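Take a look at the structure below.
From a predicted model like this one, the values you see are computed outputs, not experimental measurements. Lettering follows sequence order; numbering is per chain, from 1.
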Amino acid sequence: MTSAPTRTAGGSARVPDKPTLEGLEARWSAVWAKEGTYAFDRTAERAAVYSIDTPPPTVSGSLHVGHVFSYTHTDCIARYQRMRGKAVFYPMGWDDNGLPTERRVQNYFGVRCDPSLPYDPGYQPPAEPGKQQQPVSRRNFVELCEQLTATDEQAFEQVWRQLGLSVDWSQVYTTIGSAAQAASQRAFLHGLARGEVYAAAAPTLWDVTFRTAVAQAELEDRERPGAYHTLAFPRTVGGDPVLIETTRPELLAACVALVAHPDDERYQPLFGSTVRSPLFEVEVPVVAHPLAEPDKGSGIAMICTFGDLTDVTWWRELDLPTRPILGRDGRIVTDPPPGLDSAQGRARFETLAGTTVFTARERTVEMLRETGELVGEPKPITHPVKFYEKGDKPLEIVTSRQWYIRNGGRDEQVRDRLIARGAELAWYPPYMKGRYDNWVGGLNGDWLISRQRFFGVPFPLWYPLGGDGEPDFTRPILADDAALPVDPSSDVPPGYAPEQRGRPGGFIGDPDVMDTWATSSLTPQIAGGWERDPDLFSRVYPMDLRPQGHDIIRTWLFSTVVRADAEFDALPWARVMLSGWILDPDRKKMSKSKGNVVTPLSLLVEHGSDAVRYWAASGRVGTDTAFDTGQMKVGRRLAMKVLNVSRFVLGLGADASALQAPVTAAVDRALLAGLADVVDRATAAFESYDYTRALEAAEDFFWAFCDDYVELVKVRAYGEGPAADAVGSAHAALTTALSVLLRLFAPFLPFVTEEVWSWWQDGSVHAAHWPDSAPLRDAAGVDAAPALLATAGAVLSAVRKAKSEAKVSQRAAVARASVSAPADVVTQVTAAADDLRSAGSIADLAVQARDGELTVDVVLAQASDG
RNA sequence: GGACGCUUAGCUCAGCGGGAGAGCGCCUCCCUGACACGGAGGAGGUCACAGGUUCAAUCCCUGUAGCGUCCACCA
């Protein structure tokens with residue numbers, strides 16, 4: 001089955017005998033690709049465009065159910081907007097840049113990057129990853145990254161097509177691609193020119209495993225076991241030693257001061273005096289700072305360069321000296337720090353040199369025991385320790401030269417401006433804005449964007465080398481805008497020759513790459529063609545919608561606002577729609593490490609994409625949602641029902657021409673009046689990004705349509721029964737309702753609605769216009785009451801109940817049904833009387849006006865099969 | 001330590017000032033000319049707890065507890 005069924009030339013609907021959901025995904029995704037159903041109309045003016053800043057999934061990971069969930073939400077919005085007549089700009093991005101890819105390439109191929117090696121053009125990775133990782137050059141490594149991500153991206157695209165995302169697949173970007181590199185470098189150079197980008201040598205959070213700096217936004221706390229060690233610092237002028245508590249005795253040699261709160265009477269006499277550090281005998285001052293907490297430990301702390309971020313604050317604000325002892329590999333350095341002058345101290349430092357933090361701690365404690373400067377035994381505790389979110393060793397703090405972007409972390413005015421930007425943004429759901437405010441308000445440093453890694457966007461600059469071969473960091477050589485993207489490790493700066501690389505008087509490239517977020521913070525610009533395609537950019541930017549997870553408000557959302565604010569002095573989009581997590585049945589976030597992740601493709605194949613989308617759409621915006629195959633089964637039942645009821649409606653001999661016929665019967669007019677209300681409700685829900693409510697409105701009506709309306713008019717629709725002459729009205733109402741319902745469901749169930757649409761309509765349902773309630777009300781007539789259908793349904797229910805309780809078939813005949821109800825309800829029953837008699841097999845339908853609830857007395861006909 | 005969200009039928013969740021709802025699951029029945037990947041009917045809840053506002057509170061306010069999440073300077 002390679003082609004879709006098409007309408008026959010005669011105009012009558014072509015309905016399969018046995019409609020099925022199997023194979024709809026493959027068939028229709030192929031048709032959509034071939035027809036360009038979702039292609040962006042580049043001639044549309046900005047006002048007629050709806051543009052989406054798609055989250056680029058990390059291709060080095062795998063797609064999981066959470067992706068299916070949240071991308072479905074976006075797709076429902078995209079499809080709705082498209083049917084509203086918007087030219088929808090819905091690109092797809094792949095985040096293939098950065099550390100996750102490096103790690104995947106290392107494991108997949110069994111290689112590691114050694115930037116000192118030369119490029120090997122004929123390099124082939126080992127067939128099987130060996131025990132030892134094979135060193136390869138940086139360029140070879142990057143090539144392997146590109147090779148693997150290309151494969152991954154194909155697999156991802158297959159899943160998205162199977163899911164039915166209405167992405168324009170000609171609008172694909174990758175965060176490592178040249179457009180992304182050029183945009184990242186251009187934004188960097190603009191920022192440098194404006195001054196919000198700068199380089200500084202400063203204490204920096206450092207991951208010793210990956211040997212790279214890490215930004216504040218990428219930190220997470222983990223509870224780790226530790227121990228308080230009480231250390232005695234002898235006073236230089238005599239008197240009792242000062243006792244401090246520390247969890248990091250191995251940093252003792254890096255101690256530069258002791259600090260206590262200025263109001264702490266216990267230590268006030270000591271301020272201005274000095275003590276001598278245990279073991280290393282370095283004289284350090286006792287100083288006062290309000291950040292010291294009197295009730296924490298002994299109330300006085302040792303300041304090391306650097307044990308934690310508080311140390312950095314104290315060091316900076318109290319203007320203390322630097323005694324770094326930790327190398328970038330996480331080991332104690334070989335040379336003792338400045339100030340460590342005593343022979344005994346140096347000898348003791350010698351025993352620590354080159355050891356890991358862990359070993360250094362053990363040896364320091366051992367030595368402290370020997371000298372008696374460890375007071376009591378270490379007291380085990382559990383405390384939060386900072387980790388890089390992708391790392392597995394605690395972060396250290398080292399001083400290094402890094403690139404930063406001002407994000408308000410050190411400037412209250414900038415912070416206030418960015419909080420004001422956040423207030424301009426429409427948040428769905430609104431309460432998520434609090435997380436943004438919370439994060440921006442709590443920033444404590446600028447955004448560190450340089451990483452000492454390989455697979456990323458390089459910084460577009462070089463440094464001149466002096467006659468001594470030392471780089472002059474104060475006079476970077478910037479790339480020309482027209483030359484972007486550049487790779488300073490292979491490209492040559494303007495005015496230099498290749499041979500001058502690394503030579504005195506020549507140049508060297510900046511060796512670092514940008515943090516992934518420095519690129520993904522520009523996705524609206526990258527996807528929209530900023531500086532690359534100004535015509536496109538003018539039609540799509542700023543974008544209409546940023547869909548994303550609430551967990552990356554502090555990273556992706558905030559950083560994107562920062563970049564757009566700096567470059568354009570405006571928000572990058574009008575609104576953000578946050579999606580929740582998928583929880584497993586134990587209410588825990590589903591995660592790979594727990595092994596409770598279901599692969600999306602198998603899920604889509606097992607339940608059908610429409611069914612999985614139905615489940616996803618039942619998760620409200622921003623709400624964590626349970627993984628629930630039961631909901632998928634419900635979705636599948638709904639899709640099946642759509643097929644079958646469509647087969648019924650279109651199998652009556654009615655076709656698209658029936659849509660034009662007048663609707664005269666009371667029940668039919670009530671249906672259309674009710675449908676008009678549903679259209680209004682679904683439309684209003686979509687306009688407020690409540691796709692779930694839009695689905696519910698359509699679904700509720702649809703089941704009433706199937707269970708009550710279709711049953712009521714079935715006989716008449718066959719052209720039989722007492723009201724057979726109103727057959728045309730039934731056909732008109734049935735086809736009209738079908739047309740409207742298919743379009744209301746189209747954003748959620750794109751496959752089954754397209755299948756049915758193809759039986760009797762031209763073109764794609766996804767290019768059809770979203771239903772309008774006004775023509776439905778016109779067709780229903782001013783006096784049509786949706787309540788009539790509910791009343792008729794209630795009478796029908798009462799008859800069904802009588803049959804159910806008598807345990808007879810619903811087809812069983814009713815001798816007499818007596819309805820009593822208030823006068824206005826009686827009027828409705830009378831208007832539907834013919835249809836009711838047919839649907840209930842009622843011989844005699846009697847009505848009586850009386851105050852009170854509607855009641856129905858049912859007398860079944862004598863059973864004939866006794 | 002701060003902040004946000006949640007707590008309604010066995011399960012998943014709507015409702016949010018005046019009658020306690022849906023779907024699933026469960027029970028009973030029905031092979032009726034769109035559908036057995038179906039249809040009809042039914043049982044099932046002191047709306048977390050304690051106060052307050054109101055003629056009226058699941059819904060508003062205050063507090064408590066539990067669950068979840070985000071943030072916070074590791075002595």
Rounding to an integer number of Å, can you tell me how far [X] [atom1] sits from [N] [atom2]?
| X | N | atom1 | atom2 | answer |
| --- | --- | --- | --- | --- |
| A:F648 | B:C35 | CZ | C1' | 11 Å |
| A:Q810 | B:C30 | CD | C1' | 7 Å |
| A:F702 | B:G23 | CZ | C1' | 15 Å |
| A:L24 | B:C37 | CG | C1' | 14 Å |
| A:L650 | B:G33 | CG | P | 20 Å |
| A:L443 | B:C71 | CG | P | 12 Å |
| A:E696 | B:C13 | CD | C1' | 9 Å |
| A:D690 | B:A14 | CG | P | 10 Å |

Matching residue for A:Y614 among A:E699, A:R636, A:R637 - test: side-chain hydrogen bond (donor to acceptor under 3.5 Å, both in side chains):
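One option only clears the test, and that one is A:E699.
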Measure from the side-chain heavy atoms of [X] and tell me the nearest of [options].
| X | options | answer |
| --- | --- | --- |
| A:D707 | B:A40, B:A72, B:C71 | B:A40 |
| A:S797 | B:C73, B:G41, B:G39 | B:G41 |
| A:K801 | B:A40, B:G68, B:G41 | B:G41 |
| A:N644 | B:U32, B:C74, B:C35 | B:C35 |
| A:H383 | B:G41, B:C71, B:C74 | B:C74 |

Does the Lys NZ or Arg CZ of A:R554 fall within the cation-pi geometry relative to A:W439 - under 6.0 Å from the ring centre and within 45° of the axis?
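Pair A:R554/A:W439 counts as cation-pi.
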Name the nucleic acid region contacted by [X], choosing base, sugar-phosphate or nothing; use a 4.0 angstrom heavy-atom cut-off, strictly under.
| X | answer |
| --- | --- |
| A:E720 | base |
| A:L638 | nothing |
| A:D437 | nothing |
| A:R224 | nothing |
| A:C304 | nothing |
| A:K633 | nothing |
| A:E396 | nothing |
| A:N444 | sugar-phosphate |
| A:W703 | sugar-phosphate |
| A:L291 | base |
| A:G307 | base |
| A:R248 | nothing |

Residue pair A:L326 / A:V398: nearest heavy atoms and the distance that separates them:
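So the minimum-distance heavy-atom pair works out to O-CG1, 4.0 Å.
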Nearest non-hydrogen partners of A:L796 and A:E711, listed with the distance:
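Residues A:L796 and A:E711, closest heavy atoms: CD2-CB, 4.4 Å.
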Dot-bracket for RNA chain B, please. Rules: Watson-Crick or G-U, both distances under 3.5 Å, ( ) within the strand, [ ] when a pair crosses earlier ones, | for another strand, . otherwise.
((((((((.[[[[.).....]]]].(((((.......))))).....(((((.......))))))))))))....
With [atom1] as the reference atom in both, quote the distance from [N] to [M] in angstrom, rounded to an integer.
| N | M | atom1 | value |
| --- | --- | --- | --- |
| B:C55 | B:G63 | P | 24 Å |
| B:A43 | B:C29 | C1' | 14 Å |
| B:A56 | B:C24 | C1' | 34 Å |
| B:A36 | B:C31 | P | 14 Å |
| B:U53 | B:C60 | C1' | 8 Å |
| B:G25 | B:C47 | P | 26 Å |
| B:G10 | B:G18 | C1' | 30 Å |
| B:G5 | B:C27 | C1' | 37 Å |

Taking the ring centre of each residue, are [X] and [Y] less than 6.0 Å apart?
| X | Y | answer |
| --- | --- | --- |
| A:H607 | A:W615 | no |
| A:W427 | A:Y436 | yes |
| A:F627 | A:F69 | no |

Relative to the 5' end of RNA chain B, which residue comes earlier, A:M302 or A:R693, by the nucleotide with the nearest heavy atom?
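Taking each residue's closest nucleotide, the earlier one in sequence belongs to A:R693.
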Nearest-nucleotide 5' precedence on RNA chain B, A:L643 against A:P384:
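This one resolves to A:L643.
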Provide a list of protein-nucleic acid N or O atom pairs under 3.5 angstrom, restricted to nucleotides 1-11 of chain B.
| unit_1 | atom_1 | unit_2 | atom_2 | d |
| --- | --- | --- | --- | --- |
| B:G2 | N2 | A:N438 | ND2 | 3.4 |

Using a distance-only criterion (donor-acceptor N/O pair, under 3.5 Å, no hydrogens), is the base of B:C35 paired with the side chain of A:K641?
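Indeed there is one.
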Output yes when [X] and [Y] qualify as a salt bridge under the 4.0 Å nitrogen-oxygen rule, no when they do not.
| X | Y | result |
| --- | --- | --- |
| A:D207 | A:K393 | no |
| A:E696 | A:R620 | yes |
| A:E220 | A:R222 | yes |

For salt bridge (Lys or Arg N to Asp or Glu O under 4.0 Å), just list the numbers for A:D708 and A:R800, CA-CA rounded to whole Å, side-chain angles, deciding distance to a tenth of an Å, and then say yes or no.
CA-CA 11 Å; A:D708 293 342; A:R800 285 167 176 162; 3.3 Å; yes
Could you grab the distance from atom CZ of A:F705 to atom CG of A:L741, nearest 0.5 Å is fine?
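Answer for the CZ-CG pair, A:F705 versus A:L741, is 6.0 Å.
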How about A:H383 and A:R224: does a side-chain donor come under 3.5 Å of a side-chain acceptor?
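There is no such pair between these side chains.
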No-hydrogen, no-angle side-chain donor-acceptor test under 3.5 Å, A:E317 and A:H289:
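A:E317 vs A:H289: donor-acceptor pair found between side chains.
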Test salt bridge (Lys or Arg N to Asp or Glu O under 4.0 Å) applied to A:D437 and A:K433, step by step
CA-CA 6 Å; A:D437 294 343; A:K433 176 175 174 292; 2.7 Å; yes
Is it true that a side-chain atom of A:H73 and a backbone atom of A:A616 form a donor plus acceptor pair closer than 3.5 Å?
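At least one qualifying donor-acceptor pair exists.
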Can you name the atoms? Protein N/O to nucleotides 24-29 of chain B N/O, anything below 3.5 Å, with the distance.
| unit_1 | atom_1 | unit_2 | atom_2 | d |
| --- | --- | --- | --- | --- |
| B:C24 | OP1 | A:R637 | NH2 | 2.9 |

Are any of A:R554's side-chain N or O atoms less than 4.0 Å away from OP1 or OP2 of B:C71?
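Yes, because at least one side-chain N or O of A:R554 sits under 4.0 Å from OP1 or OP2 of B:C71.
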Verify the contact: side-chain N or O of A:K296 to OP1 or OP2 of B:C74, cut-off strictly under 4.0 Å; return yes or no.
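Yes, A:K296 has a side-chain N/O under 4.0 Å of OP1/OP2 on B:C74.
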